[in-house]
Amino acid sequence: MNKIKFFAISSIFILSACGSDGSTPTSASRVGASGFVASDTPAPPLEISSQELDSAVKCSEGFGPDSGRAVLLVPGATQTVESNFSWNYIPAFDKAGIPWCAVDLPNSNTGELQASSEYITHAIRKMFNTTKTKIAIVGFSQGGVMPRWSLKFFPDTRDMVEDMIGIAAANHGLIEANLLCAPPVVGCITSFTQIAVGAKWMDALNAGGETLPGIDYTQIYTRTDDVAIPNFDEANGVSSLRTGDGNKVNIATQDICLTNTADHFLVGSSDAVGFAIVSDALAHPGVASVERLQALTPGLCLTPFMPGVDPLMFPINFATKMMSTFAQSVTLQPKSTQEPALRCYAGGEC
């Protein structure tokens, strides 16, 4: 399994490691001097048509006006809903009776992040307006970062979200993106230019506080991550959220099971400990609890796969869904020669 992943990643990076922005019709930036966006700030209009945004959202059969709280699944960079969640979280949620929706983002979530975040913003509104109940969001990797853009710059969504759960989220940027997009590379996956350490998009997202009051933030990371690095501890790791007034907790899989060795792709697709942290956050008020999770050991630590994963099909699904989509996305998706400009509402030129 590790050989499959190593071959896929190595081959694609060798072939092509990295190979339109518009302004909203506003007259001034909505960002304060500190980078904070007040809750009573009007949300900027969405530039993408509601028809296109609607077509990107798919929901479970159990989702509807009477379903109660539902979960929004957001795939990671280079991934689709099918490749990231169809063989793990979706069957697990279906079996547990958890209603869900999932959003496919442009170019397998490698497109311009301000545009892609409109899809997430629309999905949040659509789900809340359907159920009249605050939703939970579960996002993997880049998909664990992007909903925070919606919550920050589209303030009406803050009252629609109860939990923001990130799995191996690159909340402080990916140093790997800096390396992959550095000269002499002349074209790089667009979202990589924005989620790199020091990118304008990333700095705008985190300015003024990383979390918001009224929302519970559970961030899940693994110390053996091979993409979101470094991630050795809460104080310095790229996944941990450390500022702002939101209710927040950062939990390493190794805080629950010391011997857990899940890497980036495994913690976001098949790891039993990562899923247990997600489930704990969803099942209880507030954030996930290390104490509650440690009570599940040692049984949890001996469980090879999360619910929803077919052990016999795991090698095939991991290779043909997640890693194959990763390889195709890095090779074939459109590239940019520089980071797109920030939009007016995010502090860019108006």
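These numbers come from a predicted model, not from an experiment. Residue numbers start at 1 and run along the sequence shown. Scope of the values below: all heavy atoms of this structure, side chains included, with no hydrogens, waters or symmetry mates.
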Checklist outcome for this item: Asp163 meets the salt bridge (charged side-chain N to carboxylate O under 4.0 Å, His left out) criterion, sequence neighbours left out, with Arg69
Which side-chain N or O atoms in residues 192-199 pair as donor and acceptor under 3.5 Å with protein atoms at least two apart or in another chain?
| unit_1 | atom_1 | unit_2 | atom_2 | d |
| --- | --- | --- | --- | --- |
| Thr193 | OG1 | Thr190 | O | 2.6 |
| Gln194 | OE1 | Leu113 | N | 2.8 |
| Gln194 | NE2 | Glu112 | OE2 | 2.7 |

Next on the checklist: Under the rule for side-chain hydrogen bond (donor to acceptor under 3.5 Å, both in side chains), what residues qualify as partners of Thr303, not counting sequence neighbours?
Outcome noted: none
Next on the checklist: The criterion is side-chain hydrogen bond (donor to acceptor under 3.5 Å, both in side chains); which residues satisfy it with Ser289, sequence neighbours excluded?
Outcome noted: Glu291
Next on the checklist: The criterion is salt bridge (charged side-chain N to carboxylate O under 4.0 Å, His left out); which residues satisfy it with Arg292, sequence neighbours excluded?
Outcome noted: Asp280
Next on the checklist: Classify the ring geometry of Phe314 against Trp87: parallel below 30°, tilted from 30° to 60°, perpendicular beyond 60°.
Outcome noted: tilted
Per-pair distances, 0.1 Å, donor-acceptor, side chain in residues 35-44, under 3.5 Å, sequence neighbours excluded:
| unit_1 | atom_1 | unit_2 | atom_2 | d |
| --- | --- | --- | --- | --- |
| Thr41 | OG1 | Ala38 | N | 3.4 |
| Thr41 | OG1 | Ala38 | O | 2.9 |

Checklist entry - Taking only residues at least two apart or on different chains, which pairs with a member in residues 138-149 satisfy side-chain hydrogen bond (donor to acceptor under 3.5 Å, both in side chains)? => result Asn109-Gln142, Ser141-His264, Gln142-Ser191, Arg148-Asn171, Arg148-Asn206, Trp149-Tyr345
Checklist entry - Restricting to pairs with a member in residues 216-248, which pass ring pair (Phe, Tyr, Trp, His ring centres under 6.0 Å), not counting sequence neighbours? => result none
Checklist entry - Among all residues two or more places apart in sequence or in another chain, which pass the salt bridge (charged side-chain N to carboxylate O under 4.0 Å, His left out) test with Lys126? => result Asp54
Checklist entry - Under the salt bridge (charged side-chain N to carboxylate O under 4.0 Å, His left out) test, which residues partner Arg242, sequence neighbours left out? => result none
Next on the checklist: Test of understanding: with side-chain hydrogen bond (donor to acceptor under 3.5 Å, both in side chains), list the residues that count as partners of Glu234, not counting sequence neighbours.
Outcome noted: Asn250
Next on the checklist: Applying ring pair (Phe, Tyr, Trp, His ring centres under 6.0 Å), can you list everything that pairs with Phe275, at least two apart in sequence or on another chain?
Outcome noted: Tyr89
